[in-house]
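Down below is the structure, laid out as C-alpha cells.
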Amino acid sequence: TQLLEQSPQFLSIQEGENLTVYCNSSSVFSSLQWYRQEPGEGPVLLVTVVTGGEVKKLKRLTFQFGDARKDSSLHITAAQPGDTGLYLCAGAGLRPRNTPLVFGKGTRLSVIA
Amino acid sequence: DTAVSQTPKYLVTQMGNDKSIKCEQNLGHDTMYWYKQDSKKFLKIMFSYNNKELIINETVPNRFSPKSPDKAHLNLHINSLELGDSAVYFCASSQGLEGGYEQYFGPGTRLTVT
C-alpha cells in the first residue's frame, strides 16, 4: 500500500511569514497533486507535478517534486489569511495505471492577520 | 454552473435508517468517485466508476451501495446506518481512470448519525 505522510499536521503562523509543508513517501509516484480544501468545501486542485525535480510556481506558492518522485514540498511566501485551509497532497501510482489517487492526511494551515 | 453537485448538503438521521446521497457532474467526465472524509480530515476513496461500471471498491461495508444510472450521475445508498458512518462524503469526477487526472470534487455531504 502506498502511503503519503504530510508534515506538519497543523501550522499556525502570522501574516507575512513564509512556510513549507512536506509530503513524503517510500513509494515512487508517476505524478503528485496538491489540493487546497476550505471549510465546508471540497478539495480544489492547485498543481500537478510530473517530472522528478520539477518546480512549479503559482503566485506566492512554489511546489517541488523530489528527484526520485517520492516526495514533494509546498512553500508559501508571505502568507496571507486567504491561504488558510487544509492542504492535501495526492499521489498517482505507477502501476496499474488505473489505481486511484492516494491522499495524505493533510496540513491544516491557519494564517493570522 | 456547478461542475460537481451533491444533495443533500447536510443529512442528520438516526441509527438503523437507510439514506441516499446524489451526485451529478456536468463536465462530461467518464469517471466518478465517492470519498469519505473522517473527523481528522483523512480523505479515503470508497468507490470508483468508469462509464457506469464499478472499477474500484475499497474495503467498504456492503451496507454502502453505489449506483450509476448514467455517466453523469453516481449515487450512494447506505443501509442500516451506524454511528461510525458519520463523516463528510465527497463525490468527485475526472477525465479518466488514471490517477494522474485532476479530480473535481463536489461540496460534500455532511452525514451525522445519532
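Letters A, B, ... are given to chains in the order of the sequence lines, protein chains preceding strands, and every chain is numbered from 1. These numbers come from a predicted model, not from an experiment.
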Matching residue for Asp83(A) among Lys59(A), Arg108(A), Arg60(A) - test: salt bridge (charged side-chain N to carboxylate O under 4.0 Å, His left out):
Arg60(A)
Answer with side chain, backbone, both or neither: which region of Gln6(B) has an atom nearer than 4.5 Å to a non-hydrogen atom of chain A?
neither
Proximity breakdown for Ile45(B) and chain A, heavy-atom pairs closer than 4.5 Å:
side chain
Sort Gln37(A) into side chain, backbone, both or neither according to what part of it lies under 4.5 angstrom from a heavy atom of chain B.
side chain
Measuring heavy-atom distances to chain A, does Lys44(B) have an atom under 4.5 Å in its side chain, in its backbone, in both, or in neither?
neither
Is Lys71(B) salt-bridged to Asp30(B), going by a charged N under 4.0 Å from an acidic O?
yes
Apply the ring pair (Phe, Tyr, Trp, His ring centres under 6.0 Å) test between Phe103(A) and each candidate in Tyr33(B), Phe42(B), Tyr35(B); give the one that qualifies.
Tyr35(B)
Using a cut-off of under 4.5 Å for heavy-atom pairs, which of Ala90(A), Gly40(A), Gly104(A) has the most such pairs with chain B?
Gly40(A)
Would Leu4(A) end up clustered with Leu11(A) when hydrophobic side chains under 4.5 Å apart are linked, directly or stepwise?
yes
Distance alone, cut at 3.5 Å: any donor-acceptor contact between the side chains of Asn18(A) and Thr77(A)?
no
